[in-house]
Amino acid sequence: MINTKDILETISMVKEENLDIRTVTMGISLLDCASDDPKKAAANVYDKITKKAERLVPVAEQIEKEYGIPIINKRVSVTPVSLIGGRYSEEDYINFAKALDRAADTLGINFIGGYGALVQKGFTEADKKLIASIPEALAQTGKVCSSVNVASTKAGINMDAVAMMGKIIKKAAYLTRDNDCIGCAKFVVFANVPEDNPFMAGAFHGTGEAECVINVGVSGPGVVSSAIERAGDCDFSTLAETIKRTSFKITRMGQLVAREASKRLDVPFGIVDLSLAPTPAVGDSVARILEDMGLEVCGACGTTAALALLNDAVKKGGVMASSHVGGLSGAFIPVSEDAGMIDAVSAGALSIEKLEAMTAVCSVGLDMIAVPGDTSEDVISALIADEISIGVANTKTTAVRVIPAYGKKAGDSVSFGGLLGAAPVMKISTISPARFISRGGRIPAPIHSLKN
Amino acid sequence: MKAVITVVGRDSVGIIAKVSAVCSEYHANIVDISQSVLSEYFAMIMVVDIDGLTVPFTSFVDVLSDLGKENGLDVRTMHEDVFDSMHRI
């Protein structure tokens, strides 16, 4: 018989501590949708996605109800669109994005990811056109998310792509300036991007993946936070153990939902992503976990150490709870999506430089950070170069999702609503890296890429 | 298969009777009942066998949830798999 204490613990996790499944993401290969006629290809894509994911939302809602665990988002990720675009023009690609958006609306899903390219070593002609179309595509669609992988530990850093990203991000901000630059919130630049990530904006369905898979992302910062609070003034071994146990329980939920969704949709189970994903809701913050560990405010000296401990313990606890772990799997520190991070920035305790240091020990990177609207393209590219270098040198995923808030300066704020939250505009160095960024070419892969 | 019904809220007369009546109406066999205190709330836990349910499980969940709303109670009905997977290796 199930123990009363265990039942109450589970109920309390859902009711009081915001335990939820962040996303059930269906990955769909679009490789068989290619056509020399762009209109035909867009129609193929719409048909395939709406057919494959037809039952995704109703099945997820059914599981949500039967198990009593909220599933916040239902999403679809697809093959990077540059791989199926061939010789299309920018205009054709934008129509492609619209087809993805229409498919998302028909299905009733929250986001669709994969409008992107993998250019860590160089560009194909298709990559270049797709990347050029990203700002317009994001401005003209609502649910399409885009990502570009500009570096990997094996290939080094494509600095031409990095230089391009500054321009793309500025343009995306300008085109969506009437909507708090939301285009930038749907675009992320990666190093070492995982091919099975269920989280947006970086989700896509990699070429090594099966035809169709189900990936699940769990959440639950509030549960970890409460467990740490209950553990009181214990030493670090006990603290790590507490987080591990909690993470195990959270991940078991993810595994259960993933297994059920896979069974009911008759689609293979891919991975559970162990990331602790915050939301703007009170009590669902990663920053608060670090503060519960004993920091006055997130961003104080000690924050990186606390985050490293948290990230490691979450993985150790989660990995045993799931048969396949993948995606990003770590703690997320998106500023706008985390009430504690927002407070820390507003109080002047947390800077971009500190956030960058934190990304060396957790996934994913500089996430949902608003900077002044007059920040130059070069500075944004250089910010990306720094962050991406951390990923390349440490053989880990890093990413940048930055919002140059049009017409705003440090201290103002932007608001995106929903899970994307609201971000205070942060101060960023304006010293020019222009000559460095304009060099072009590739930064060679680090020596430890030579493992064979 | 079993489901766990939890009722949390202010104590009042007839809570168990009302929930039991719904279980009986839809042929959910009660196999265990206990009550406990969670923070300042009254909490009742009922384990029911749902193999003989006369309606789909999701409808049963809705009926109990509505019953809770009508009586100012938080009534949750969750499949036992949730607890098994979370607390048992």
Side-chain angles (χ1 to χ4, degrees), chain A residues 1-17 19-21 58-71 216 218 220 223 226-227 229-230 244-261 263-264 272 317-323, chain B residues 1-10 19 26 28-51 53 55-69 72-89:
Chain A
M1 192 52 65
I2 311 158
N3 182 314
T4 305
K5 191 172 143 278
D6 292 343
I7 292 174
L8 291 178
E9 185 186 1
T10 303
I11 300 285
S12 159
M13 280 182 184
V14 177
K15 193 173 145 69
E16 323 273 338
E17 299 161 359
L19 172 63
D20 56 50
I21 301 296
V59 165
E61 282 172 352
Q62 191 185 27
I63 292 172
E64 186 174 16
K65 189 165 271 179
E66 283 183 22
Y67 292 112
I69 305 284
I71 299 175
V216 165
V218 296
V223 182
S226 301
E229 224 169 87
R230 279 194 299 272
K244 269 162 64 181
R245 284 170 183 275
T246 312
S247 167
F248 175 84
K249 289 175 183 172
I250 296 171
T251 311
R252 290 289 274 191
M253 282 295 90
Q255 173 74 18
L256 173 69
V257 168
R259 207 179 55 219
E260 274 305 310
K263 194 167 83 187
R264 293 182 194 191
V272 173
V319 85
M320 191 180 155
S322 171
S323 47
Chain B
M1 283 189 303
K2 295 192 183 70
V4 177
I5 303 168
T6 55
V7 181
V8 179
R10 282 177 168 278
V19 177
Y26 295 100
N29 187 31
I30 299 167
V31 290
D32 192 20
I33 298 182
S34 69
Q35 68 176 66
S36 181
V37 176
L38 171 70
S39 303
E40 72 270 31
Y41 296 106
F42 158 81
M44 181 190 78
I45 299 170
M46 192 181 262
V47 180
V48 295
D49 191 313
I50 53 171
D51 285 336
L53 268 191
V55 291
F57 180 55
T58 48
S59 310
F60 183 63
V61 172
D62 282 337
V63 172
L64 282 166
S65 171
D66 290 345
L67 175 80
K69 281 177 200 146
L73 299 163
D74 180 32
V75 180
R76 287 167 192 262
T77 311
M78 294 157 86
H79 200 285
E80 68 169 340
D81 284 357
V82 173
F83 307 96
D84 278 345
S85 61
M86 188 179 266
H87 300 285
R88 287 182 187 168
I89 298 175

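Note that these values count all heavy atoms, side chains included, but never hydrogens, waters or copies made by symmetry.
Judged by distance alone, with hydrogens and angles left aside, the side-chain atoms of R252(A) form a donor-acceptor pair with the main-chain N or O of R88(B) at under 3.5 Å.
Residue contact with chain B, scored on non-hydrogen atoms closer than 4.5 Å, involves the side chain of L19(A) exclusively. Contact of I7(A) with chain B is made through backbone and side chain together, with heavy-atom distances under 4.5 Å. For chain A, the nearby part of T77(B) is the backbone; its heavy atoms alone come within less than 4.5 Å. Interface residue E9(A): only side-chain heavy atoms are found under 4.5 Å from chain B. Proximity to chain A is limited to the side chain of T6(B), based on heavy atoms less than 4.5 angstrom apart. Using a 4.5 Å cut-off between heavy atoms, V82(B) touches chain A through backbone and side chain atoms alike. The contact between S85(B) and chain A is made by backbone and side chain atoms together, counting heavy-atom distances below 4.5 Å.
The distance from the NZ atom of K15(A) to the CZ atom of R76(B) is 6.0 Å, given to the nearest 0.5 Å.
Counting heavy atoms from C-beta outward, D84(B) and L256(A) have side chains that stay 4.5 Å or more apart. Looking only at side-chain heavy atoms (C-beta outward), T58(B) and Q62(A) come within less than 4.5 Å of each other. When side chains are defined from C-beta on, H87(B) does not count as touching N3(A), because their heavy atoms never get closer than 4.5 Å.
For the pair I89(B) and F248(A), the tightest heavy-atom approach, listed with the atom from each and the gap, is CG1-CZ, 3.7 Å. Counting all heavy atoms, side chain and backbone alike, D6(A) lies closest to F83(B) at O-CD2, 4.5 Å.
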Carefully, step by step, assess E66(A) and D81(B) under the rule side chain to side chain contact (heavy atoms under 4.5 Å, CB included). CA-CA 10 Å; E66(A) 283 183 22; D81(B) 284 357; over 6 Å; no

Before giving the answer on side chain to side chain contact (heavy atoms under 4.5 Å, CB included), spell out for M78(B) and I11(A) the whole-Å C-alpha distance, their side-chain angles and the decisive distance to 0.1 Å. CA-CA 9 Å; M78(B) 294 157 86; I11(A) 300 285; 3.6 Å; yes

